[in-house]
Amino acid sequence: MTRNIPEKPGLEGLEAKWDARWAAEGTYSFDRSKTRDEIFSIDTPPPTVSGSLHMGSVFGYVQTDTHARYRRMAGKEVFYPMGWDDNGLPTERRVQNYYGIKCDPSLPYDPDFEPPDEPHDPPMPVSRRNFVDACHVLTVEDEKVFEGLWRALGLSVDWTQTYATIDHHSRRTSQKAFLRNLARGEAYAQEAPVLWDVDFRSAVAQAELEDRERPGSYHRVAFHKPDGGSIHVETSRPELVCSCVALVAHPDDDRYQDLFGSTVTSPLFGVVVPVVAHELADPEKGTGVAMICTFGDTTDVTWWRELDLATRSVIQHNGRFQEETPDWLSGAGEEVYKEIAGLYPNQARRKMAELLTESRDLIGEPEQITHQVKFYEKGERPLEIVTSRQWYIRNGGRDDDLRKALLARGAELEWVPEFMAVRYQHWVDGLNGDWLVSRQRFFGVPIPIWYRIDDSGGVVYDRPLIPDESDLPIDPSTDVPKGYVESSRGEPGGFVGDPDIMDTWATSSLTPEIAGHWDNDPDLFERVYPMDIRPQGSDIIRTWLFATVVRGHYEHSELPWRSATINGWILDPDRKKMSKSKGNVMTPAPLLEEYGSEAVRYWACNGRPGVDTAVDLGVIRIGRRLAIKILNASRFALGFSGDVDPANITEPIDRSMLGGLSQVVGQATDAFERFDYARALEITERSFWSWTDDYLELVKTRAYGEGHEAASAQATLQVGLSVYLRLFAPFLPFVTEEVWSWWREGSIHRASWPSTDEFEGLVIDSAILEITSQVLSAVRRVKSDAKVSMRAEVESVSITTDDSGIEHLRQGESDLRAAARAERVGYSIGEFSVDAVLAEG
RNA sequence: GGGCGGUUAGCUCAGUCUGGCAGAGCGCUCGCCUCACACGCGAGAGGUCACAGGUUCAAGUCCUGUACCGCCCACCA
């Protein structure tokens, strides 16, 4: 093969050149004729395309790409698809802001509607179908931006294997799996209290909650006993006195024994409520008596359910107190309620505090506190609890046997790093309800269900109308169930579609099925499922990972993957978690532009598996330096016309270098098998630098010479370079491919991973090179101390070492003399030391 | 309140599983335009391994406890 080595090799333009070449040659295309045991399949995380691009977007993906590239070179056919998570609330919010539109499901579809070029202000209401269309338009644009970044980064994805969580195939898969859950009794609908975001007007699931510290105050409020006495409760939500259904104390609390079973009346409203006993009441908190309201917090829900209490809800889905006076209030209570009707809870709270003060039912001043309040993770106001009809998938939160089975699945999974396993256990252990999968939103996969409407106009929920699997996907708001006509929609005797969509996790929990085409290509699915790895962040173990395990457990009775590789967080250079609100988000594009993809990849690969990592320009610069070093060292190693026949490798120091290199190959391979890409890189890099600093310097003079000694050096340089390039290829795909192309046919990324077999019969003890390098280093120190050039001539080098050291050094002596520019080398036995006498002048 | 991870050189981090002379890079200092590379090369200085106790011939590494940082979870009246 003719060599085509540039005079001044550089990194610029390599990304574009090789991305285009790989695409044209199908370097990463998946060969589906391979069988399951020949395939390595990756359940790639579909990035949220409506989210911003930041360094977190490159970190985990680059790490995963190293696994893909290693396995591919190690002989596996790699199934490496890419998905886009475009359904759900993040997209809705982005579309609302981008176009200045909002969805109003009551509006009719406007076929002529075009999303505006400039955002509308105030937001323009559009029909659900127009809104969803706008979502599709924008997500396609967003996906192009993401694909551009991934390609610039050199992800070895098969770009023909892509999916979007809102596309036809994903909707079909999602609805099919849901209907199967329903048929097997794993999914069910229930009218029940749910956590509710009043801004998004949607229920949210336990997995989407976060606690935030908020100021509040404890109000001590008097309830009245029949004998004229009073009993005090402490509450941070006095506005809910009107929805109080009972007071509760601990059954063993001596102070309240004679009250259990009696009734008291609420202040101002005069509603009679029972005093009940329950273990969850904490005698240490407040007065030991708590007010149970429907519903102030999740404990209220527990009490309400377990004690079978009345329901007195006043907060509506829009977050306000209902306008009409509740029917359990009468007399003076009605007048009091009018004061808070229509208010938001925080307004009602202030009003109630005033009224309770006037009526002397507020005891003392409210005590200012900060407490944890539940929020939807994407929300801005505290969650309320409202009663509504929702769909659930059983997840063990209410069933111990199922919980145990899912815990066993987690234990079966290989976690990388191992300690991540407990995060799964704790989450499953702590579940307190089933998985709420319905959302009252617009851009998502619809719940594929209709309901009959009886002759009096009531919706019949208990016998839903289910579509045939072959008709999926459907949208029950526009499609019509078999045996009905569109004109009977919403009419007595007709039907109505379930208005809700599924939670985004209800679809993305099926990424193995979506990417592997469970629905429409069982042959492919069998070749890739269960997948080998699920790479993802630790923050979504409780959502994406757990939900995927649940779906796999139900649908296939097995784990969806063998291993979960969990990556860490990205922190900004000050080690703060990056977030848009802090304004410290770094976008990758300028870094890719300035330092190149290899440098950014190098940084990502330096982050240990599962370890939070700061963006560090210093590390990025080292990556760039390494890539440039590879170019230059390669130019040297390939700069001879010599024959690469390994039979030419005869010199002991050359064979010794291969001895060390074969150990490096073994260690890097072991590290990759354990998914420790960072260790593999570290080992390779350390070895490579000593290769260029010491080995290359030692053999340089000989390599420029003639005869069989020169041929040995030239052949060894090429063999060594070939190994180093392949070891680096998973990390630095562009520069290694570039150099490979200088003298090899085909892509390095389809070349075989180096193996110790390659040096069979050539390898000897690495100690020869190691001790020779040590002596060379010692001579350099002498020159450095004397502040002379490394080219300075040395009269003699005196080495003291043991027998085997001398034996080893003699075998590399001529190279040492050439590299050190030493006239003579002398040896003596003893403690290791090196002395060098510089030549005169 | 429970749990997980971390604390090693000025900085960023390896090393802890499996105990055996404290490591790398950056930065700093001093040199060197050495025919692959000045986008470079060589050399040097720099550490009470968070703290306290224990096991051991030997502890950064194993055990117990403490402090601080980060994260997760919790029924937060």
Side-chain angles (χ1 to χ4, degrees), chain A residues 5 8-11 209-211 213-214 216 218-219 221 233-237 240 247-249 278-282 285-293 296-303 369-374 417-423 425-427 429-430 432 538-539 541-542 568-569 571 573 575-577 603 606-608 610-619 621-622 624-639 678-679 682 685-686 689 692-693 696-697 700-701 704 717 776-792 819 821:
Chain A
I5 304 171
K8 264 280 186 192
L11 296 175
L209 303 184
E210 69 183 32
D211 289 345
E213 284 218 329
R214 283 293 178 272
Y218 286 148
H219 302 69
V221 175
V233 302
E234 206 156 75
T235 178
S236 59
R237 303 202 62 180
L240 292 177
L247 300 189
V248 64
H278 194 280
E279 316 254 317
L280 280 181
D282 183 352
K285 282 185 185 156
T287 62
V289 184
M291 182 170 81
I292 305 177
C293 307
D297 62 31
T298 52
T299 318
D300 282 344
V301 177
T302 307
W303 282 325
I369 51 152
T370 30
H371 58 165
Q372 301 285 320
V373 181
K374 284 198 191 305
E418 270 175 53
F419 66 78
M420 291 293 179
V422 300
R423 301 200 183 189
Q425 287 162 21
H426 287 170
W427 175 252
D429 274 333
N432 54 30
S538 58
D539 53 326
I541 289 173
R542 63 179 184 168
W569 282 109
L571 310 171
R575 300 205 61 71
K576 300 264 170 37
K577 192 171 149 182
W603 160 78
N606 257 272
R608 255 53 199 181
V611 173
D612 295 350
T613 302
V615 175
D616 187 338
L617 289 182
V619 175
R621 287 192 194 100
I622 297 162
R624 181 173 172 82
R625 195 166 74 108
L626 174 62
I628 292 169
K629 191 75 173 181
I630 289 172
L631 287 175
N632 286 315
S634 301
R635 206 173 85 82
F636 169 72
L638 299 176
R679 166 64 82 185
E682 184 192 358
E685 188 187 4
R686 191 173 45 214
W689 281 109
T692 60
D693 292 346
L696 260 53
E697 293 301 329
K700 190 178 278 182
T701 308
Y704 279 123
L717 283 169
L776 176 61
S777 188
V779 176
R780 284 169 178 159
R781 188 176 309 122
V782 171
K783 293 182 182 178
S784 194
D785 289 348
K787 303 195 173 181
V788 297
S789 158
M790 289 299 138
R791 284 201 308 179
R821 298 188 176 256

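Throughout, a chain's letter reflects where its sequence line sits, starting with A, and its residues are numbered from 1.
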Can you tell me the distance, in whole Å, between the [atom1] atom of [X] and the [atom2] atom of [N]?
{"X": "A:R423", "N": "B:rG6", "atom1": "CZ", "atom2": "P", "result": "11 Å"}
{"X": "A:H426", "N": "B:rG1", "atom1": "NE2", "atom2": "P", "result": "17 Å"}
{"X": "A:E697", "N": "B:rG42", "atom1": "CD", "atom2": "C1'", "result": "10 Å"}
{"X": "A:W427", "N": "B:rC4", "atom1": "CH2", "atom2": "P", "result": "18 Å"}
{"X": "A:Q425", "N": "B:rC4", "atom1": "CD", "atom2": "P", "result": "10 Å"}
{"X": "A:W569", "N": "B:rC71", "atom1": "CH2", "atom2": "P", "result": "9 Å"}
{"X": "A:I630", "N": "B:rG40", "atom1": "CD1", "atom2": "P", "result": "14 Å"}
{"X": "A:N606", "N": "B:rC11", "atom1": "CG", "atom2": "P", "result": "19 Å"}

Could you work out which one of [options] sits closest to the side chain of [X]?
{"X": "A:R542", "options": "B:rG40, B:rG3, B:rC72", "answer": "B:rC72"}
{"X": "A:F419", "options": "B:rU34, B:rC37, B:rC4", "answer": "B:rC4"}
{"X": "A:R679", "options": "B:rC35, B:rG15, B:rG42", "answer": "B:rG15"}
{"X": "A:S784", "options": "B:rC76, B:rG25, B:rG42", "answer": "B:rG42"}
{"X": "A:I628", "options": "B:rC39, B:rC76, B:rG25", "answer": "B:rC39"}
{"X": "A:D612", "options": "B:rU34, B:rC73, B:rG70", "answer": "B:rG70"}
{"X": "A:D616", "options": "B:rU12, B:rC37, B:rC41", "answer": "B:rU12"}
{"X": "A:D693", "options": "B:rG42, B:rC26, B:rG40", "answer": "B:rG42"}
{"X": "A:R780", "options": "B:rA43, B:rG5, B:rC41", "answer": "B:rA43"}
{"X": "A:K787", "options": "B:rA14, B:rC32, B:rC30", "answer": "B:rC30"}

Any base atoms under 4.0 Å from [X], or only sugar-phosphate, or nothing? Heavy atoms, all strands.
{"X": "A:R821", "value": "base"}
{"X": "A:D297", "value": "nothing"}
{"X": "A:W603", "value": "nothing"}
{"X": "A:V422", "value": "sugar-phosphate"}
{"X": "A:A792", "value": "nothing"}
{"X": "A:S236", "value": "sugar-phosphate"}

Could you pick out which residue, A:S777 or A:L631, lies toward the 5' side of RNA chain B when each is mapped onto its nearest nucleotide?
A:L631

Starting from the 5' end of RNA chain B, give me the residue, A:G286 or A:K700, whose nearest nucleotide shows up first.
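Per heavy-atom nearest nucleotide, the more 5' residue is A:K700.
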
Taking only the [atom1] atom of each, what is the distance from [N] to [M] in whole angstrom?
{"N": "B:rA14", "M": "B:rG23", "atom1": "C1'", "answer": "7 Å"}
{"N": "B:rC71", "M": "B:rG25", "atom1": "C1'", "answer": "28 Å"}
{"N": "B:rU48", "M": "B:rC39", "atom1": "C1'", "answer": "40 Å"}
{"N": "B:rG60", "M": "B:rG19", "atom1": "C1'", "answer": "10 Å"}
{"N": "B:rU16", "M": "B:rC21", "atom1": "P", "answer": "13 Å"}
{"N": "B:rC28", "M": "B:rA52", "atom1": "C1'", "answer": "35 Å"}

If [N] has a Watson-Crick or G-U wobble mate with both distances under 3.5 Å, name it; if not, just say none.
{"N": "B:rG25", "answer": "B:rC11"}
{"N": "B:rC71", "answer": "B:rG3"}
{"N": "B:rC41", "answer": "B:rG31"}
{"N": "B:rA59", "answer": "none"}
{"N": "B:rU66", "answer": "B:rA50"}

Charged N to carboxylate O below 4.0 Å: is that the case for A:E685 and A:K629?
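Not counted as a salt bridge, because no side-chain N and carboxylate O are separated by less than 4.0 Å.
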
Rounded to the nearest 0.5 Å, what separation is found between the OG1 atom of A:T613 and the CH2 atom of A:W569?
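The OG1 atom of A:T613 sits 12.5 Å away from the CH2 atom of A:W569.
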
Is there a side-chain polar atom (N or O) of [X] under 4.0 Å from OP1 or OP2 of [N]?
{"X": "A:K374", "N": "B:rC75", "result": "yes"}
{"X": "A:K783", "N": "B:rU34", "result": "no"}
{"X": "A:K285", "N": "B:rC76", "result": "yes"}
{"X": "A:T298", "N": "B:rC76", "result": "no"}
{"X": "A:K8", "N": "B:rA38", "result": "yes"}
{"X": "A:R625", "N": "B:rC41", "result": "yes"}
{"X": "A:R781", "N": "B:rG44", "result": "yes"}

Evaluate whether atom CD of A:Q372 has more than 12 neighbouring non-hydrogen atoms of other residues, nucleotides or ligands under 6.0 angstrom away.
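Yes - once you tally the heavy atoms of other residues, nucleotides and ligands closer than 6.0 Å, there are more than 12.
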
Please find the pair of heavy atoms, one from A:V289 and one from A:A249, that lie closest to each other, and give the distance.
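Smallest interatomic distance, heavy atoms only, reads CG2-CB, 4.4 Å.
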
